[in-house]
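Below is one structure, written out as structure tokens; the observations come after it.
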Amino acid sequence: MSSPTSNTVSIFAPLKLGPLTLKNRVGVAAMTRNRSVPTTVPNSINVEHYRQRAAGGAGLIITEAILIERQGTEWQHAPGIWSKEHVEGWKKVTQAVHAEGGLIYGQLWHTGRVSHPDAPEQIKAGKPVYAPSAIRARGGKFRFIEGVPGYATPTAIEDPATFIPIWKQAAVNAKEAGFDGVQVHGSNGYLVHQFLDSSSNQRTDQWGGSIQNRARFGLEVLKALIDVWGAERVAIKLSPGNGYNDMGMPLEETLETYSYFITEADKLRLAFIELVRYTEFGDPVIDGTRRGTPHDVIGSYAPLIKRSAKFGNAGYSSEEAAQAVARGELDGVFFGMLSISNPDLARRFEHGKEVNTNLDMVNLYGNGESLEELEKGYNDYPIAVY
Ligand code: PHB
């Protein structure tokens with residue numbers, strides 16, 4: 001890759017994020033891998049997965065999305081953080097990452113309306129599928145049910161304030177598990193996003209309607225996490241253009257909503273705000289159409305971020321990422337798919353090694369129930385020779 005000129009910032013330069021110093025600005029993005037068998041508790045192959053990526057030189061690793069409670073478990077083997085057992089499982093992950101000199105944030109997740117009443121963990125939770133409003137998402141493909149059974153109409157949350165302590169407890173648990181910080185999953189059509197978007201939030205109380213009201217839930221979640229961690233170890237991920245999970249508002253409303261939310265989130269002096277660019281991957285076709293709102297996500301919102309660090313995500317090449325950091329548009333970039341197929345992505349970039357783009361799509365979300373089967377397409381990607 002081209003080397004940055006002397007008075008610009010290199011993507012390989014360290015970055016101070018609150019009390020942490022990242023060794024570079026190449027991050028591992030959160031990626032759902034659905035491998036916490038027997039169910040929801042991080043296991044030895046999860047430990048190895050994150051250890052490999054810390055050894056591979058990433059400046060910061062974000063975990064796959066971690067469920068804050070059993071209700072809303074869309075996939076049966078996505079990990080959680082609501083119990084002591086989860087905390088002990090995650091401790092092994094954070095210890096392995098730290099032993100390799102890495103840093104790791106836990107991404108906290110509630111899926112809201114895109115769970116299914118027949119999902120095994122949802123049944124165990126003994127609660128309905130909750131959402132801001134009783135509005136069903138179109139689509140609905142579940143990795144454990146054949147075909148496209150569709151989403152069910154969710155139950156509107158009576159008082160959203162009662163959900164904030166659930167986020168707070170997850171943040172307490174994440175701290176006990178030894179993470180370096182926590183990121184709110186505010187993107188891709190999950191609960192925080194469902195509150196922000198006027199198509200999934202049609203509440204008439206203080207949690208819906210105006211932009212300020214729709215932003216309230218995400219901002220209250222951030223404040224609860226800040227109470228536990230301090231703002232300098234709290235982040236949020238947002239995908240203003242993505243139609244994933246049947247989201248989307250007209251362009252002007254999208255710009256107004258996210259400009260407000262990002263400005264308010266930035267005032268909290270977060271560690272960083274991660275902006276996901278529009279991609280067709282993040283805006284799948286549902287019932288024959290894409291719902292997303294293609295626009296220049298980085299250009300529209302990164303300039304509003306003044307007190308927090310700003311990270312980009314989605315579809316970056318090493319060159320494009322280096323240029324965005326060099327010209328000060330971003331402080332760093334997260335890589336998703338490339339971090340799956342290259343455990344040593346940051347090292348490869350730095351040493352000018354070829355990047356492996358050969359992704360094992362068959363085993364992306366895991367096949368089988370044994371740890372051995374689940375390591376395929378997970379922990380068996382090649383590491384370059386240095
Ligand atoms: C997924 O499980 O498909 C998934 C989870 C979290 C995301 C995106 C996709 O942010």
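As the structure lists them, so they are numbered: ligands from 1, and atoms in each ligand from 1.
Aromatic ring pairs are classed by plane angle as parallel below 30°, tilted from 30° to 60° and perpendicular above 60°; the pair Tyr105 and Phe272 is tilted.
Those atoms of ligand 1 that come under 4.0 Å of a heavy atom in Trp75, given as number and element, are 1 (C), 2 (O). The contact set between ligand 1 and Asn188, taken as ligand atoms under 4.0 Å from a residue heavy atom, comprises 7 (C), 8 (C), 10 (O).
Side-chain N/O atoms of Arg214 and Asn201 include no donor and acceptor closer than 3.5 Å. With no hydrogens or angles considered, a side-chain donor-acceptor pair links Glu64 and Tyr50 at under 3.5 Å.
Proximity of Met31 to ligand 1 is not established, as no heavy-atom distance is less than 4.0 Å.
Among all protein heavy atoms, the one lying closest to atom 9 (C) of ligand 1 is Tyr244 OH, 3.4 Å. The shortest contact between atom 5 (C) of ligand 1 and any protein heavy atom is with Thr32 OG1, 3.0 Å. Regarding atom 4 (C) of ligand 1, its nearest protein heavy-atom neighbour is Tyr190 OH, 3.2 Å.
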For this session: Could you check His49 against Tyr381 for ring pair (Phe, Tyr, Trp, His ring centres under 6.0 Å), going step by step and ending with a plain yes or no?
Result: CA-CA 10 Å; His49 183 76; Tyr381 282 104; 8.7 Å; no
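Both tests pass for Arg347 against the ring of Tyr386: distance under 6.0 Å to the centre and angle within 45° of the axis.
Residue Trp109 places no N or O, backbone or side chain, under 3.5 Å from any N or O of ligand 1.
Only side-chain heavy atoms of His185 come within less than 4.0 Å of ligand 1; its backbone N, CA, C and O stay farther off.
Results of the side-chain contact (heavy atoms from CB on, under 4.5 Å) test with His77 over Thr40, Asn43, Leu374, Thr39 single out Thr39 as the only residue that passes.
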